[in-house]
2 protein chains.
Amino acid sequence: MSDKQNKEQLILVAAEQEFLCKGYDGARTTSIAKAAGVTHAMLHYYFRTKEQLFERIVDEKFKIMSKSMLAALGEPSLPIVERIKEGISSHFDFIVQNPDLPRFIINEIISRPERYKILHERVGKIVDTIYKNLQKEIDEAAKRGEMEQINVKMLFISIMSLNIFTFVAYPFMQPLMGELMRNREEFLTNRKAENIETIMRRIKKQ
Amino acid sequence: MSDKQNKEQLILVAAEQEFLCKGYDGARTTSIAKAAGVTHAMLHYYFRTKEQLFERIVDEKFKIMSKSMLAALGEPSLPIVERIKEGISSHFDFIVQNPDLPRFIINEIISRPERYKILHERVGKIVDTIYKNLQKEIDEAAKRGEMEQINVKMLFISIMSLNIFTFVAYPFMQPLMGELMRNREEFLTNRKAENIETIMRRIKKQ
DNA sequence: CTTTGCATTAACAATTTTGTTAAACATTTA
DNA sequence: TAAATGTTTAACAAAATTGTTAATGCAAAG
């Protein structure tokens, strides 16, 4: 009984690894089965097709990615500048924990846009409401001279860019960075601080 | 004679489109041949294998990508702040002209790191020299109070992030942006200005 | 004009990858 | 323990994809 759970689970774990790393097209069901230590007939027994196995992975990943992006818009109860700072910080931490996720999601959406259209648009609508409130807060804070007037969507793009790109492009950037990325822990700390500093300067009244 | 040139060229054009859009794994030689309007035997006749056809594309793309990143480090003859501004601007323009390129290169390097190791490290060394000079200039300008002291590699990562991410993640971001991205020309103009403003504020003495 | 050499095609072959099946095996339940 | 149910395996089948070949066409050079 726990053996069934076990094999199914083993396949899921191996599949997640393979799909996240190589994408749908690059992943091989035989390779997943091998990594999970089962025959590849077992994979088809539990999940029928590669497609269905993939869906199990991608749906979950899409959800946590969306959730983290909402979280990046910060805790509404905080004062606006604090809220933005905290949003960047928690989003950065999430990406550190899931460094392969953004690239996976982006590639997936690009290769099969139709599949995610509905789910994606739903997230879009949720985000839209949050934007509106946040924009209002920003406008008011700007009027009070507490921060710079700025378009919240533009700000959001900047935050996503700074927090995500490093990880999406890690193997590309790393050889161009010499010592800088050698010590991972240290780099992550510095990078997080840099992203926050960059955005804070962008929104601070000059 | 020009017919040979023609078919070979047609295949290359179709292959570039297919590979950039779908990656090596997702691309199909039959689909490339079809798009080029030739039999797929012709593809093998001119390029022998999918692998070799791919190399023709990827080598060129890797080179222009590297070149554009070097250009992002700006024209050394300019005063430092101007130099950085101009670097961002020209890099952004390049990415606008080649929006699919970064994602293609990143995915390619991730799926076959060994292949690019040498080429990549060579670029790394060139960049390293430029960093050193640029860092010296920044340090001096900072001492004169013209700008903020900042690590040039960190600055470079920020510039790449802001300029590239929007395009890498376009289909992912677009549904989250409502009206903002609807008018492409307008969005690009605003985005470029935003990136420059963000970096300028980051390096300006407070 | 005919030989030479490249270009082209259609049919075929090989390989890789995914998916199926029937039989053996194990486990639970009555 | 016997029936029922679910699990596992090995061998096989199907499909998709890449790669080859032999025959044909065609244009230029001798």
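Protein chains get the first letters and strands the later ones, always in sequence-line order, with residue 1 at the start of each.
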Under 3.5 Å, sequence neighbours excluded: what are the donor-acceptor pairs made by side chains of residues 147-156 of chain B?
{"residue": "E148(B)", "atom": "OE1", "partner": "R201(A)", "partner atom": "NH2", "Å": "3.2"}
{"residue": "Q149(B)", "atom": "NE2", "partner": "D139(B)", "partner atom": "OD1", "Å": "2.9"}
{"residue": "N151(B)", "atom": "OD1", "partner": "K153(B)", "partner atom": "N", "Å": "2.7"}
{"residue": "N151(B)", "atom": "OD1", "partner": "M154(B)", "partner atom": "N", "Å": "3.2"}
{"residue": "K153(B)", "atom": "NZ", "partner": "M177(A)", "partner atom": "O", "Å": "3.2"}

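- Taking every side-chain heavy atom of Y45(A) into account, dT7(D) is the closest of dA10(D), dT7(D), dT18(D).
- Look at CZ on R48(B): it is 10 Å from P on dG19(D), rounded to the nearest Å.
- Taking atom CG of L53(A) as the reference point, atom C1' of dT17(C) lies 15 Å away to the nearest angstrom.
- A sub-4.0 Å separation between OP1 or OP2 of dT8(C) and a side-chain N or O of K7(B) is present.
- Applying the ring pair (Phe, Tyr, Trp, His ring centres under 6.0 Å) criterion to F167(B), with sequence neighbours excluded, gives F92(B).
- Taking the six-membered ring for Trp and the full ring otherwise, F19(A) and F54(A) have centroids separated by under 6.0 Å.
- For DNA chain C, the residues of residues 25-34 of chain A within the heavy-atom distance limit of 4.0 Å (strictly under) are A27(A), R28(A), T29(A), T30(A), sorted by number.
- Taking every side-chain heavy atom of T39(B) into account, dT9(C) is the closest of dA10(D), dT9(C), dG19(D).
- When the shell of 6.0 Å around CZ of R48(B) is examined, it contains 12 or fewer heavy atoms from other residues, nucleotides or ligands.
- The side-chain hydrogen bond (donor to acceptor under 3.5 Å, both in side chains) test with N195(A) singles out one residue from E197(A), K192(A), R191(A), and that residue is R191(A).
- The CZ-P distance, from F54(B) to dG19(D), rounds to 13 Å in whole Å.
- Across dT9(C), dT7(D), dG19(C), the shortest atom-to-atom separation from the side chain of M42(A) is found for dT7(D).
- Residue A41(B) has its side chain nearest to dT9(C) when only dT9(D), dT9(C), dT18(C) are considered.
- Taking the centre and axis of the six-membered ring of Y24(B), the NZ or CZ atom of R112(B) falls inside the cone set by 45° and 6.0 Å.
- When the P atom of dT16(C) is taken as reference, atom CD of E51(B) falls 14 Å away, rounded to whole Å.
- Per the geometry, CD belonging to Q9(B) stands 15 Å off P belonging to dA7(C), to the nearest Å.
- Taking every side-chain heavy atom of H44(B) into account, dT20(D) is the closest of dT20(C), dT9(D), dT20(D).
- Rounded to a whole Å, the NE2 atom of H40(B) is 12 Å from the C1' atom of dA16(D).
- R83(B) CZ: more than 12 foreign heavy atoms inside a 6.0 Å radius.
- Between the P atom of dG19(D) and the CZ atom of F47(B) lies a distance of 13 Å, rounded to the nearest Å.
- Within the structure, every side-chain polar atom (N or O) of Y46(B) is placed at least 4.0 Å from both OP1 and OP2 of dC6(C).
- Between the C1' atom of dT17(D) and the NZ atom of K50(A) lies a distance of 13 Å, rounded to the nearest Å.
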